[in-house]
Amino acid sequence: MTTTAPAAPAPPSLRPRHRFGAWAAGLLLAAPAVVTGCRLLDTDAVTPVPQLLALLPWLAVPAALAVLLAAAARRRPLTLLAVVVLGATVWSSLPHTPRTVTSHGPPLARVKVIASNVEFGQGTNALTDIVRREHPQLVFVSECDRACGRTLTTAFAAELPHHAAVEADGSAGSVLLSAYPLADRGTIPATMGMPGATADIAGTPVRLQLAHPMPPLAHQVPLWKRELRRIADTAARQTGPALVAGDFNASQDHAALRAVLDAGRLHDAARSAGASRTPTWPMEGPLQPFVQIDHILVSDDFTVRDVRFLDVAGSDHRTVLADLDLRAPR
């Protein structure tokens with residue numbers, strides 16, 4: 001009489017709490033995986049990716065929780081995937097190292113630059129105090145309404161007598177104040193004012209451009225991309241020294257901002273100073289500032305000596321201040 005060995009018992013199904021942990025890990029992993037993937041593929045994609053790219057460093061938190069939950073649920077493939085996503089998110093979120101810039105000729109001029117969004121003119125008085133204290137040669141002011149423009153041009157008529165402006169109410173107004181003579185004034189067509197001009201700095205023509213595209217709200221991402229593309233196209237046409245500054249409504253993690261840098265052969269002064277992750281927005285409300293969207297971009301004709309970020313009472317943005325050297329061609 002022959003006997004057969006008893007059949008091996010079927011593997012037990014996941015316990016309910018393990019099943020819940022696996023599902024929770026998968027849900028937590030979704031946003032970091034998609035957003036980090038878009039960052040690595042150099043695309044801003046569509047809503048909600050542009051908005052979430054501003055939060056890229058913070059997405060390491062749900063990714064780390066996903067690793068813990070997947071490991072607790074004993075799902076090895078899911079755990080491995082979560083570890084990969086966490087690693088990619090952390091790697092993508094590391095502060096950009098200072099860019100290596102080729103050597104230049106001797107310095108022609110020391111230039112101090114301020115870029116400030118004064119939020120519908122509410123930060124005008126605080127910015128006025130900063131300008132008086134810091135003595136900049138160039139000041140780029142976004143969301144500077146008509147009253148703001150009059151205040152600044154009047155207060156600094158002696159120190160910064162030259163200006164290019166888009167005179168408008170609310171957020172549409174902008175002004176560029178300069179200690180140097182300006183020529184070739186013009187504007188980039190946009191919803192909010194983006195004036196530009198060519199400054200004569202130590203006998204060298206330097207193209208100046210204020211940047212203030214619309215923010216990437218869910219219903220206006222195409223407009224945000226289009227206005228940043230116009231800034232990139234303007235930067236690409238410049239062959240000499242250039243300086244583009246303002247509220248870009250984009251961080252280093254947005255492909256649209258990197259396109260501006262590439263098109264104009266520009267580099268971010270904050271990155272050169274080792275401060276590419278210093279947040280500038282939002283400075284009001286319940287949230288702590290978490291993203292840098294205010295930038296001073298310069299061509300290789302400039303070297304960056306220092307970058308600072310200053311609080312402006314009344315505004316939801318920090319002001320960016322850069323000390324630069326304009327150098328002669330090699």
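Note that the structure is predicted; figures quoted are calculated from it, not measured.
- Across Val312, Asp247, Asp311, a single residue satisfies side chain to side chain contact (heavy atoms under 4.5 Å, CB included) together with His317, and that is Asp247.
- Around the CZ atom of Arg133, the shell of radius 6.0 Å holds more than 12 heavy atoms that belong to other residues, nucleotides or ligands.
- Linking Ile, Leu, Val, Met, Phe, Trp and Tyr residues whenever their side-chain heavy atoms come within less than 4.5 Å places Ile296 and Tyr180 in a single cluster.
- In the hydrophobic clustering of ILVMFWY residues, with side-chain heavy atoms under 4.5 Å counting as a link, Leu176 and Val118 come out apart.
- Taking the side chain as every heavy atom from C-beta outward, Leu210 and Val244 never approach each other to under 4.5 Å.
- Just one residue in the list Arg185, Arg207, Gln209 forms a side chain to side chain donor-acceptor pair (under 3.5 Å) with Thr198, and that residue is Arg207.
- Among all heavy-atom pairs drawn from Ala73 and Gly21, the shortest one is CB-C, 4.3 Å.
- The shortest non-hydrogen separation linking Val206 to Phe302 is CG1-CZ, 3.9 Å.
- Scanning both residues, Phe248 and Gly246, for their nearest heavy atoms gives CD1-O, 3.4 Å.
- Inter-residue side-chain proximity for Ser174 and Cys144 is flagged as unmet; no heavy-atom pair is nearer than 4.5 Å.
- Rounding to the nearest 0.5 Å places CZ of Phe120 at 12.5 Å from SG of Cys148.
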Open item on the list: His267 vs Ser272, test: side chain to side chain donor-acceptor pair (under 3.5 Å). Steps then yes/no.
Closed with: CA-CA 8 Å; His267 55 103; Ser272 296; 3.0 Å; yes
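- For the 3.5 Å distance criterion, the side chains of Thr89 and Thr36 qualify, holding a donor opposite an acceptor.
- Side chain of His295 to backbone of Ala250: a donor-acceptor contact under 3.5 angstrom is found.
- Both Ile130 and Val139 belong to a common hydrophobic cluster when Ile, Leu, Val, Met, Phe, Trp and Tyr are linked at side-chain heavy-atom distances under 4.5 angstrom.
- Counting heavy atoms from C-beta outward, Asn117 and Trp281 have side chains that stay 4.5 Å or more apart.
- No more than 12 heavy-atom neighbours from other residues, nucleotides or ligands sit within 6.0 angstrom of CZ on Arg305.
- With values rounded to the nearest 0.5 angstrom, Leu127 atom CG is found 8.5 Å from Leu177 atom CG.
- Glu143 places no side-chain N or O within 3.5 Å of a backbone atom of Ala172 that could act as its donor or acceptor partner.
- At a threshold of 4.5 Å between non-hydrogen side-chain atoms, the residues Ser299 and Arg265 do not count as touching.
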TODO: Give the intermediate values and the outcome of salt bridge (Lys or Arg N to Asp or Glu O under 4.0 Å) for residues Asp44 and Lys225.
DONE: CA-CA 9 Å; Asp44 293 324; Lys225 290 182 178 181; 5.7 Å; no
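- The nearest pair of heavy atoms linking Pro50 to Ala45 is CG-O, 4.4 Å.
- Rounded to the nearest 0.5 angstrom, Ile188 CD1 and Asp233 CG are separated by 9.0 Å.
- Clustering ILVMFWY residues whenever any of their side-chain heavy atoms sit less than 4.5 angstrom apart, transitively, puts Val113 in the very cluster that holds Val320.
- What you find for Glu227 and Pro213 is that their closest heavy atoms are OE1-CA, 3.4 Å.
- Once rounded to the nearest 0.5 Å, the distance linking CG of Leu29 with CG of Leu78 reads 6.5 Å.
- The two atoms that bring Phe156 and Arg132 nearest to each other are CE2-CG, 3.6 Å, heavy atoms only.
- Asp323 and Arg110 are not joined by a salt bridge, as no carboxylate oxygen comes within less than 4.0 angstrom of a charged side-chain nitrogen.
- Put simply, the side chain of Thr43 never gets that close to the backbone of Cys38: no donor and acceptor are under 3.5 Å apart.
- Remark: the backbone N or O of Leu53 is not paired with any side-chain donor or acceptor of Arg39 at under 3.5 angstrom.
- Residue Gln292 holds its CD atom at 9.0 Å from CZ of Arg277, rounded to the nearest 0.5 Å.
- Side-chain contact between Met194 and Thr234: absent, with no pair of heavy atoms (C-beta onward) separated by less than 4.5 Å.
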TODO: Please report the C-alpha distance between Asp294 and Arg318 in whole Å, then the side-chain angles of each, then the deciding distance to 0.1 Å, and finally whether the salt bridge (Lys or Arg N to Asp or Glu O under 4.0 Å) criterion is met.
DONE: CA-CA 8 Å; Asp294 302 88; Arg318 279 191 176 123; over 6 Å; no
Task: Trace of the side-chain contact (heavy atoms from CB on, under 4.5 Å) decision for Asp268 with Ser276 - done: CA-CA 8 Å; Asp268 194 324; Ser276 61; over 6 Å; no
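- Note that the CG atom of Leu69 and the CG atom of Leu27 stand 10.5 Å from one another [nearest 0.5 Å].
- Both Val49 and Leu55 are assigned to one and the same hydrophobic cluster, defined by single-linkage of ILVMFWY side chains at heavy-atom distances under 4.5 Å.
- Contact check for Glu134 versus Arg308: side-chain heavy atoms found under the 4.5 Å cut-off.
- Residues Val291 and Thr280 form no side-chain contact, since every pair of their non-hydrogen atoms from C-beta on lies 4.5 Å or further apart.
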TODO: Determine, step by step, whether Lys112 and Leu321 satisfy the side-chain contact (heavy atoms from CB on, under 4.5 Å) criterion, reporting the C-alpha distance in whole Å, the side-chain angles of both residues, the deciding distance to 0.1 Å, and the verdict.
DONE: CA-CA 7 Å; Lys112 182 175 288 190; Leu321 185 152; 4.0 Å; yes
Task: side-chain contact (heavy atoms from CB on, under 4.5 Å) assessment of His212 paired with Asn249 - done: CA-CA 7 Å; His212 193 203; Asn249 278 310; 4.0 Å; yes
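- The six-membered or imidazole ring of Trp224 lies away from that of His219, with a centre-to-centre distance of 6.0 Å or more.
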TODO: Decide side-chain contact (heavy atoms from CB on, under 4.5 Å) for Phe309 and Thr319; before the verdict, give the C-alpha distance in whole Å, the side-chain angles of both, and the deciding distance to 0.1 Å.
DONE: CA-CA 6 Å; Phe309 300 87; Thr319 285; over 6 Å; no
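- Surrounding CD of Glu167 are at most 12 heavy atoms belonging to other residues, nucleotides or ligands under 6.0 Å away.
- Between Arg327 and the options Thr204, Thr303, Asp301, a side chain to side chain donor-acceptor pair (under 3.5 Å) holds for only Thr303.
- Annotation: side chain of Gln137 is not in contact with side chain of Glu159 (no heavy-atom distance under 4.5 Å).
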